[in-house]
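Note sheet for the following structure.
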Amino acid sequence: MSKAAGTGPSAAAVRFGGAVMLLMACLIGGFCVPALPYSVGLTGTRGTLTVDGYQHNYSSRGETTSSNGTFRSADGGIVDLKATVEPDYDLGRRIAVSRAPWTYYVVSPACLLGWLAGTCFAVCCLLLGLPGLIFGTRWNRRTRPTAVPLQIRVAKTAFYGALGAGAAAVIVAIAT
């Protein structure tokens with residue numbers, strides 16, 4: 001059974017694509033959104049981590065290296081001798097970090113821009129996937145003339161924001 005020329009994908013295919021995009025948005029956003037306030041230092045316990053050694057982790061993706069060291073809070077009230085942060089830094093280096101209940105986040109402009117890029121990409125995936133999942137059709141300007149241009153504008157802004165923040169993160173990381 002072949003489709004007639006000019007017809008689009010089935011509603012099930014569009015809903016499946018929307019569900020995949022929504023899943024991507026949830027996964028990416030689930031990592032990036034909570035990290036944003038920690039990478040700025042707005043939440044968590046601020047302090048420094050002094051690198052004492054390295055930890056090598058092996059997985060199917062290859063080897064990753066983390067920096068181990070001693071965390072001291074800014075007020076001196078908390079000391080953690082087994083703190084870990086990624087990536088690997090020079091031995092003896094003091095790194096500004098923010099302590100979350102589950103990990104440590106580096107407080108730097110490059111890290112902030114990286115988490116911001118991921119958050120913008122998650123918003124873009126959300127805006128692209130949600131309408132397909134809900135309506136089961138591609139964006140149609142005839143049936144929703146006011147909503148579609150706004151969605152497209154916001155999705156483009158989120159996408160270009162992700163690209164810009166990601167490029168800025170790389171530049172700032174190289175410069176510092």
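None of the values given here were measured: they were computed from a predicted structure. Below, each value reflects all heavy atoms present in this structure, side chains not excepted, and no hydrogens, waters or symmetry copies.
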Non-neighbouring partners of [X] that pass side chain to side chain contact (heavy atoms under 4.5 Å, CB included), sequence neighbours left out:
X	value
Leu127	Val123, Val154, Ala155
Asn68	Gln55, Thr84
Ala35	Tyr105, Trp115
Cys125	Met21, Met24, Ala25, Phe121

Separation of Cys26 SG from Leu126 CG (nearest 0.5 Å):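 The SG atom of Cys26 is 7.5 Å from CG of Leu126, to the nearest 0.5 Å.
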Distance (rounded to the nearest 0.5 Å) between Thr157 OG1 and Ile152 CD1: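 Here the interatomic distance stands at 11.5 Å.
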Taking the hydrophobic residues Ile, Leu, Val, Met, Phe, Trp and Tyr, and joining any pair whose side-chain heavy atoms are under 4.5 Å apart, which ones share a cluster with [X]?
X	answer
Tyr54	Leu49, Val51, Phe71, Ile78, Val85, Tyr89, Leu91, Ile95, Val97, Tyr104, Val106
Leu23	Leu27
Leu81	Val79

By side-chain hydrogen bond (donor to acceptor under 3.5 Å, both in side chains), which residues pair with [X], not counting sequence neighbours?
X	answer
Arg94	Thr48
Thr70	Asp52
Thr65	His56
Ser108	none

Cluster link Val40 to Tyr38, ILVMFWY, side chain under 4.5 Å: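 Yes.
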How far apart are the closest heavy atoms of [X] and [Y], and which atoms are they?
X	Y	answer
Ser73	Thr45	CB-CG2, 3.6 Å
Gly44	Ser98	CA-OG, 3.7 Å
Glu86	Ser66	CG-OG, 3.3 Å

Thr50 backbone acceptor or donor facing Arg93 side chain under 3.5 Å: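 No, Arg93 side chain to Thr50 backbone: no donor-acceptor pair under 3.5 Å.
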In a table with atom names and distances, give each donor-acceptor pair under 3.5 Å that connects a side chain of residues 160-176 to protein atoms at least two apart or in another chain.
unit_1	atom_1	unit_2	atom_2	d
Thr176	OG1	Val172	O	2.9

